[in-house]
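These notes concern the structure reproduced below.
Small disclaimer: the values here were computed from a predicted structure and weren't measured. Just so it is clear, the values below take in all heavy atoms, side chains as well, and ignore hydrogens, waters and symmetry mates. Throughout, protein chains are lettered first and strands after them, A, B, ... in sequence-line order, and every chain is numbered starting at 1.
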Amino acid sequence: MHEYYMLSYSEEHEQAEWLAYELKKEQLTLDDRKRPYFIEDPKVRSKSADWRNYKGSGFDRGHLCPAGDRRFSKLAYNETFYTSNIAPQDRDFNAGLWNRLEMKVRSWCKQHGHLYVITGGILEDGLQEIGEEDVDVPNYFYKIVCRFDGKRPKALAFIMPNREFGKPLEGFLVSVDELEKRTGIDFFYQQSQEWQQTVESKVRTNGWDF
DNA sequence: CTGGTAAAC
DNA sequence: GTTTACCAG
């Protein structure tokens, strides 16, 4: 549990199985910040994987909580450079499809003012591993974006392959039910108390009209 | 924006 | 080993 996001770390896969954060309109600033080093997450007791596992692997250290969403303060920005917040991503995917989704999330946030985001790689058996600590390379990444229309939660869920297709985001929309099956995570019961207060019922896909 | 990396310190 | 400056998608 960090100041500006929370996560559950999988020691087996050496990355977060899920990571959740709130994004508010007023947090979308354009402050210019110096990119820090990736360091171990001080709050992961089992030690989050060292960044050197990624060196020479051919994979990006892809942010789960984007640095671009956390420019409003130095702490918020630097927190995204803990190695608990990154996963191996294909370069073209990270700079392409994944980046376009992150930009779309910021655009939705500007429209609606307040969003909740849950994201991570789909962690399975038999994944490719990199580095001395065997960091798993997910074949797919997912993201749930949720907002509240009055009391009713509205959510969009995505599953994207860890490579670039050049396809529009709509092509990767899925239902939350399917996402739960694929990840093995129950997105209702796994949340913290604070989160549960807000998310009172399971979010359901509501189509592209978000 | 998303990042890597060579060169300098 | 760490930081800066520059580079590409």
Side-chain angles (χ1 to χ4, degrees), chain A residues 2 4-5 7 14-16 18-42 47-113 115 117-122 128-133 135-145 156 158-172 210:
Chain A
H2 292 288
Y4 298 107
Y5 65 84
L7 62 84
E14 288 292 357
Q15 62 197 272
W18 59 261
L19 183 147
Y21 65 99
E22 289 184 63
L23 185 59
K24 299 175 182 175
K25 189 176 181 178
E26 57 269 26
Q27 293 175 334
L28 292 176
T29 67
L30 295 175
D31 299 57
D32 194 20
R33 300 200 179 276
K34 193 171 66 175
R35 197 170 15 141
Y37 246 37
F38 285 97
I39 59 171
E40 279 182 2
D41 187 334
K47 296 285 185 185
S48 56
D50 192 273
W51 63 268
R52 294 176 187 83
N53 289 288
Y54 292 72
K55 192 174 183 181
S57 71
F59 289 95
D60 273 15
R61 295 167 285 200
H63 281 73
L64 296 179
C65 178
D69 286 359
R70 308 277 88 149
R71 290 179 162 276
F72 54 90
S73 89
K74 185 176 181 182
L75 170 62
Y77 189 72
N78 288 358
E79 273 186 345
T80 70
F81 285 83
Y82 293 148
T83 55
S84 55
N85 184 45
I86 59 174
Q89 289 184 332
D90 174 84
R91 218 220 122 41
D92 292 333
F93 170 67
N94 187 21
L97 189 58
W98 192 246
N99 188 23
R100 295 203 299 279
L101 177 56
E102 290 173 342
M103 291 190 290
K104 189 70 179 175
V105 168
R106 284 190 279 273
S107 132
W108 281 326
C109 186
K110 279 189 178 178
Q111 286 179 36
H112 300 300
L115 300 180
V117 182
I118 308 173
T119 190
I122 295 185
Q128 178 187 351
E129 296 176 330
I130 58 173
E132 289 186 2
E133 294 179 270
V135 179
D136 283 21
V137 181
N139 289 324
Y140 299 89
F141 284 87
Y142 67 88
K143 193 184 289 283
I144 298 179
V145 187
L156 297 178
F158 300 84
I159 297 178
M160 296 175 163
N162 192 4
R163 46 204 156 90
E164 173 61 12
F165 275 117
K167 286 186 184 174
L169 304 178
E170 291 90 329
F172 301 98
F210 187 57

Show me, pair by pair, the donor-acceptor contacts under 3.5 angstrom made by side chains of residues 55-63 of chain A, not counting sequence neighbours?
| residue | atom | partner | partner atom | Å |
| --- | --- | --- | --- | --- |
| A:Ser57 | OG | A:Tyr54 | O | 2.7 |
| A:Ser57 | OG | A:Phe59 | N | 3.0 |
| A:Asp60 | OD1 | A:Arg91 | NH1 | 3.3 |
| A:Asp60 | OD2 | A:Arg91 | NH1 | 2.6 |
| A:Asp60 | OD2 | A:Asn94 | ND2 | 3.1 |
| A:His63 | NE2 | A:Thr80 | O | 3.2 |

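Not counting sequence neighbours, A:Glu133 has no partner by the salt bridge (Lys or Arg N to Asp or Glu O under 4.0 Å) test. Remark: A:Gln111 pairs with A:Ser107, A:Trp108 by the side-chain contact (heavy atoms from CB on, under 4.5 Å) rule, at least two apart or across chains. With sequence neighbours excluded, the residues satisfying salt bridge (Lys or Arg N to Asp or Glu O under 4.0 Å) with A:Lys47 are A:Glu40. Scanning for salt bridge (Lys or Arg N to Asp or Glu O under 4.0 Å) contacts around A:Asp90 gives an empty result, with sequence neighbours left out. With sequence neighbours excluded, the residues forming a salt bridge (Lys or Arg N to Asp or Glu O under 4.0 Å) with A:Glu164 are A:Arg100, listed by chain and number.
On the nucleic acid side, DNA chain C contacts chain A at distances under 4.0 Å to non-hydrogen atoms, with the end points of that region at C:dT2 to C:dG9.
Pairs passing the side chain to side chain donor-acceptor pair (under 3.5 Å) check and including a residue from residues 135-144 of chain A, sequence neighbours excluded, read A:His13-A:Asp136.
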Counting primed atoms, P, OP1 and OP2 as sugar-phosphate and everything else as base, the B/S/- map of nucleotides 2-9 of chain B against protein heavy atoms under 4.0 Å is BBB-----
